[in-house]
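Everything below concerns the one structure shown next.
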2 protein chains.
Amino acid sequence: MKSPFSAKTVQPDISLSVCGYRKVLDIISSKWTALVIYAMEDGIIRYGEIRRRIEGISKKMLTQTLRQLERDGLVKRVITPSVPPIVEYSLTRLGESLLEPMRALNKWTKEHYSLVEQARAAYDQGNNEE
Amino acid sequence: MKSPFSAKTVQPDISLSVCGYRKVLDIISSKWTALVIYAMEDGIIRYGEIRRRIEGISKKMLTQTLRQLERDGLVKRVITPSVPPIVEYSLTRLGESLLEPMRALNKWTKEHYSLVEQARAAYDQGNNEE
DNA sequence: CCGTATCCAGTATGATACTG
DNA sequence: CAGTATCATACTGGATACGG
């Protein structure tokens with residue numbers, strides 16, 4: 001038998017623009033995005049509080065990530081113009097809906113990540129270390 | 001009420017090394033990884049065939065992505081040393097197990113991505129375009 | 001407190017040409 | 001066919017300093 005794909009004419013291309021995987025990843029794959037969403041899982045939280053919860057994030061990246069999420073409609077930002085100002089962030093409904101599939105990924109990691117680590121060790125072993 | 005986090009001492013940090021989200025993303029978030037996994041969804045497939053299915057991927061990136069996936073134990077590589085050689089790729093069980101949560105993401109995209117696009121348009125509008 | 005602006009280094013990706 | 005090698009570049013993220 002030939003390749004399963006050459007049989008029925010041609011399988012449609014997995015083009016960048018059409019593929020759903022790519023679209024979600026454009027949303028959540030930047031270095032801090034998933035962590036920031038995760039930090040808002042339990043409800044309203046202030047800017048400084050997010051920074052304290054996420055080890056190692058810089059102000060620049062936190063702000064940038066939050067703006068992106070806000071633009072994507074996943075996060076809501078409420079400013080109380082006191083002095084000093086209070087800025088509170090929370091997930092929108094849309095943002096919350098994303099938690100579900102993200103939790104599925106998280107679950108996969110808990111259940112399978114040790115196998116990935118084993119595979120890596122074995123692979124690096126087989127390649128004579130370095 | 002104070003912030004929900006300051007109440008019980010301190011919520012554990014969302015440190016990079018511990019967080020599951022980060023771990024999966026380290027695996028699937030590079031530009032081509034998800035697409036390559038997707039291309040193997042239906043079974044065994046040859047190198048050249050993957051290239052043809054994924055619009056725009058270079059040989060360098062395809063090879064690099066496949067090696068990574070192989071190292072992570074998600075992909076199996078079988079070489080038939082004929083002339084010219086035949087190299088066949090397929091998902092391992094571990095790789096297949098990752099398809100499930102990835103499909104959950106894909107489903108989310110199908111159902112919600114239009115909202116994201118709307119949110120972006122509205123946001124860009126509000127910010128006076130550019 | 002909550003940012004913005006600037007600069008700079010490291011990494012990820014891409015184009016092209018060559019090989020067993 | 002299935003890669004590797006090399007070079008060029010664009011983007012990402014971090015450090016630092018300043019502003020409302």
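Protein chains get the first letters and strands the later ones, always in sequence-line order, with residue 1 at the start of each. Note that the structure is a prediction, hence the values are computed from the model and not measured.
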field: Short side-chain N/O contact from Arg46(A) to OP1 or OP2 of dC1(C), under 4.0 Å
entry: no
query: Contact class for Arg67(A) (heavy atom, under 4.0 Å): base, sugar-phosphate, or nothing?
result: sugar-phosphate
query: How many angstroms lie between NZ in Lys60(B) and CG in Leu62(B), if you round to the nearest 0.5 Å?
result: 13.0 Å
field: Tyr89(B) vs dG3(D): side-chain N/O to OP1/OP2 distance below 4.0 Å
entry: yes
message: Tell me whether the side-chain N/O atoms of Lys31(A) come closer than 4.0 Å to OP1 or OP2 in dG14(D).
response: yes
5'-most by nearest nucleotide on DNA chain D - Pro84(A) or Val87(B): Val87(B)
- request: Would you kindly give the CG-to-P distance between Leu62(B) and dA12(C), to the nearest whole Å?
  value: 17 Å
- prompt: Out of dT6(D), dG3(D), dT6(C), which nucleotide sits closest to the side chain of Lys60(A)?
  reply: dT6(C)
Whole-Å gap separating P (dA5(D)) and CD (Gln64(B)): 13 Å
- request: Please check if atom CZ in Arg93(B) has more than 12 non-hydrogen atoms from other residues, nucleotides or ligands closer than 6.0 Å.
  value: no
- prompt: So does Tyr47(B) get a side-chain nitrogen or oxygen closer than 4.0 Å to the phosphate oxygens (OP1/OP2) of dT4(D)?
  reply: no
message: Rounding to an integer number of Å, can you tell me how far Ile54(B) CD1 sits from dT13(C) P?
response: 13 Å
Residue Met61(A), side-chain atoms from C-beta onward, closest of dC1(C), dG14(D), dC18(C): dG14(D)
query: Rounding to a whole Å, what distance do you find between Glu55(B):CD and dT13(C):C1'?
result: 17 Å
message: Just verifying a value: how many Å separate Ile54(B) CD1 and Glu49(B) CD, rounded to the nearest 0.5 Å?
response: 11.5 Å
Nucleotide nearest Pro85(B) (side chain, heavy atoms from C-beta), chosen from dC1(C), dA17(C), dG20(C): dG20(C)
query: How many Å lie between CZ on Arg51(A) and P on dC2(C), as a whole number?
result: 10 Å
message: Tell me the interatomic distance from Leu66(B), atom CG, to dT4(D), atom C1', rounded to whole angstroms.
response: 15 Å
message: Parallel, tilted or perpendicular, judged at 30° and 60°: which one describes the rings of Tyr47(B) and Tyr89(B)?
response: tilted
- request: Could you work out which one of dG3(D), dC1(C), dG13(D) sits closest to the side chain of Ser30(A)?
  value: dG13(D)
- line: Here the distance between atom C1' of dT16(C) and atom NZ of Lys59(B), to the nearest Å, is 10 Å
- line: Closest of dT13(C), dG3(C), dC2(C) to the Trp32(B) side chain is dT13(C)
task: Look up atom CG in Leu105(A) and atom CD1 in Ile28(A), then write down how far apart they are to the nearest 0.5 Å.
output: 6.0 Å
Value in whole Å for how far the P atom of dC2(C) lies from CD1 of Ile50(A): 9 Å
